[in-house]
There are 4 protein chains.
Amino acid sequence: MTYRIISIIGGSDSNHDVLELAEQTGAEIAKRGVTLACGGLGGVMEAACRGAKKFNGLTIGILPTEMKEHANEFVDIVIPTGLGYARNFLVAKAGDAVIALDGSAGTLSEIAIAWFSDRPIVALTKSGGWAQKLAGTQIDGRRNDVVHSAETPREAVQMVFDALNWK
Amino acid sequence: MTYRIISIIGGSDSNHDVLELAEQTGAEIAKRGVTLACGGLGGVMEAACRGAKKFNGLTIGILPTEMKEHANEFVDIVIPTGLGYARNFLVAKAGDAVIALDGSAGTLSEIAIAWFSDRPIVALTKSGGWAQKLAGTQIDGRRNDVVHSAETPREAVQMVFDALNWK
Amino acid sequence: MTYRIISIIGGSDSNHDVLELAEQTGAEIAKRGVTLACGGLGGVMEAACRGAKKFNGLTIGILPTEMKEHANEFVDIVIPTGLGYARNFLVAKAGDAVIALDGSAGTLSEIAIAWFSDRPIVALTKSGGWAQKLAGTQIDGRRNDVVHSAETPREAVQMVFDALNWK
Amino acid sequence: MTYRIISIIGGSDSNHDVLELAEQTGAEIAKRGVTLACGGLGGVMEAACRGAKKFNGLTIGILPTEMKEHANEFVDIVIPTGLGYARNFLVAKAGDAVIALDGSAGTLSEIAIAWFSDRPIVALTKSGGWAQKLAGTQIDGRRNDVVHSAETPREAVQMVFDALNWK
């Protein structure tokens, strides 16, 4: 059995409250025994990895650059793609599901990619950005028919478990 | 001087009215001496290329597959990427600007990519889909500060000329 | 019918003699009515494009960066991939066949990609580098069973026509 | 500290002896506490992962397709790129170094990419294919100046440790 992976997507310059939510989300993912994937840089990505490491989780950082040194210090496994922001495709697909916090256009692209890749998407509605704007949006003609809205990190992770029938 | 390029993005299964708009948009692009780039497949992409070829325009099709044969018959230059839908990055970036018609999640990803790549984006508002939903949206912290809304293909192309200071 | 395309691959820092060969190869491609694709930068790429433009050929530059400004001045159509050297895949696949001059590891990767993409490969043997080292190499289990060796640009282009049954 | 990673590259249809070597190489990597990355499919990739799992190693499979199900059963972390064989770039770059066994054009492309990405390359010379053909080749103008030749899996892994100053 391959490892269960949840991708966290979100802004690199979010405010303190969002980073707090991101850290809690990373922690919840680790507590449930799931591996965390993200874009490997700062902001939401770093906070989520920090949270996961507090609970001994495994973290993957899929970088836009070729330099492993660009990963935040809480990334265990660095994939230095050198693909620029085309690496957003890999972040969205690496997860069995995606949890979105805040975010601007880069995050929007990842939500869109998760969408047409049939990955369940959960948005932390309090976090703002595109995560909030798209929460509850109907997804046209896809197996997963809506961007799920979660109030808390714990609820977000539970929604992923429910959507994927994970025990 | 490199050729001026406008990318047309949109659905592969749009209805007749949208395809009519796409064909007119391709025609307008060609009449203004601009090269057309697109994803090279059917629907909006094919209609736009057909329109461009009626006015002797040059057309580029950036395919998800490795097979040049998958391009629609109105594509002059086929770039068979083999990258799957990561080719959406290339479509959005190939244009100096992007015109969006209709579209679901794939088109949404291209709009998002054009956005963080600082490409002016014009949405044909009557076409529906994500083009319509995002028309007029503020773009956070970017040089191009809004998804422009156009009523007609001619107006859409003119908006690109204005945004890029093309004569 | 889509345009016929030949990709020229080779070093960005080749010597004068190699650049002379590259320019002649670009010229031959244009004289035969074929579009030239390359990596869009300097050295062999620029020389080949210069040669093609002398005979009014059409040139495509598939850049590693996102900046159209990085293309050499003889490129008509710029594809600014932002994919770094993963763009080598696109260069090798854009051509219906590949002509190699000189080159180090980047060129070697393009030859390898052309190889497993079933593109005929012609090496200008006098140009040195990997083009020379691999000239005549047997290709294991592929439709195209050898890296063809050409003495002159004219012969190289003719070999492509022969391999592809172009008239 | 991010995890140490060695990428194993090689053919998907190698013979029994090569697969035996690949399994031993995966085992050596795991015994030394290093994570194994590979292309995630069969042949050398599967054998190497099997070897690593026997010693409780961690394995990463970077797939050409979008389907996690395509990974061999010994892969822990699946990165389903959907990029086709452009994923070879990611495989070569994911490792801090690369060990090559056997292999045809796909493996050749990975060696070339590792080369211009300044990753030390070790070839198991007895394995045949491009690994053998390039063993000992001078690498022009690069920090790592040669494709190292190893007789045994243990020696190959030790050469990586030496090249990277790992303890």
Side-chain angles (χ1 to χ4, degrees), chain C residues 9-15 18 39 41 43 62 64 81-94 98 100 102-121 127-147, chain D residues 9-15 18 39 41 43 62 64 81-94 98 100 102-121 127-147:
Chain C
I9 60 179
S12 56
D13 57 356
S14 300
N15 67 34
V18 171
L41 299 176
I62 302 175
T81 68
L83 298 177
Y85 289 94
R87 77 80 150 82
N88 291 7
F89 265 80
L90 304 181
V91 174
K93 288 175 188 298
V98 164
D102 193 16
S104 53
T107 302
L108 177 59
S109 75
E110 291 171 316
I111 291 174
I113 296 157
W115 192 327
F116 64 68
S117 303
D118 285 331
R119 300 292 192 270
I121 304 165
S127 64
W130 278 103
Q132 183 177 42
K133 284 183 219 170
L134 289 182
T137 305
Q138 285 296 318
I139 296 183
D140 34 7
R142 287 282 160 180
R143 195 182 63 199
N144 312 302
D145 59 351
V146 73
V147 177
Chain D
I9 59 179
S12 56
D13 58 355
S14 300
N15 67 35
V18 172
L41 299 176
I62 303 176
T81 69
L83 299 177
Y85 289 95
R87 78 79 150 82
N88 291 7
F89 266 80
L90 304 180
V91 174
K93 287 174 190 298
V98 163
D102 192 15
S104 53
T107 302
L108 177 59
S109 76
E110 291 171 316
I111 292 174
I113 295 157
W115 191 329
F116 65 68
S117 303
D118 285 331
R119 300 291 192 270
I121 304 164
S127 64
W130 278 104
Q132 183 178 42
K133 284 183 219 171
L134 289 182
T137 303
Q138 285 296 316
I139 295 184
D140 34 5
R142 288 282 160 181
R143 195 181 64 199
N144 312 302
D145 59 350
V146 73
V147 177

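Lettering of chains follows the sequences in order, A, B, ..., and the numbering in each one begins at 1.
The minimum heavy-atom distance between D/Tyr85 and C/Phe89, with the atom names listed, is O-CZ, 2.7 Å. Summarising the geometry of C/Trp115 relative to D/Ala105, their closest heavy-atom pair is CG-CB, 3.6 Å, with the distance given to 0.1 Å.
Here the CD1-CD1 distance, from D/Ile113 to C/Ile113, works out to 5.5 Å after rounding to the nearest 0.5 Å. Considering CG of D/Leu108 and CG of C/Leu134, their distance stands at 7.0 Å, rounded to 0.5 Å.
By the side-chain hydrogen bond (donor to acceptor under 3.5 Å, both in side chains) test, D/Ser14 pairs with D/Asp102, sequence neighbours left out.
No other option in D/Gly129, D/Gly84, D/Ser109, D/Gly106 has as many heavy-atom pairs under 4.5 Å with chain C as D/Ser109.
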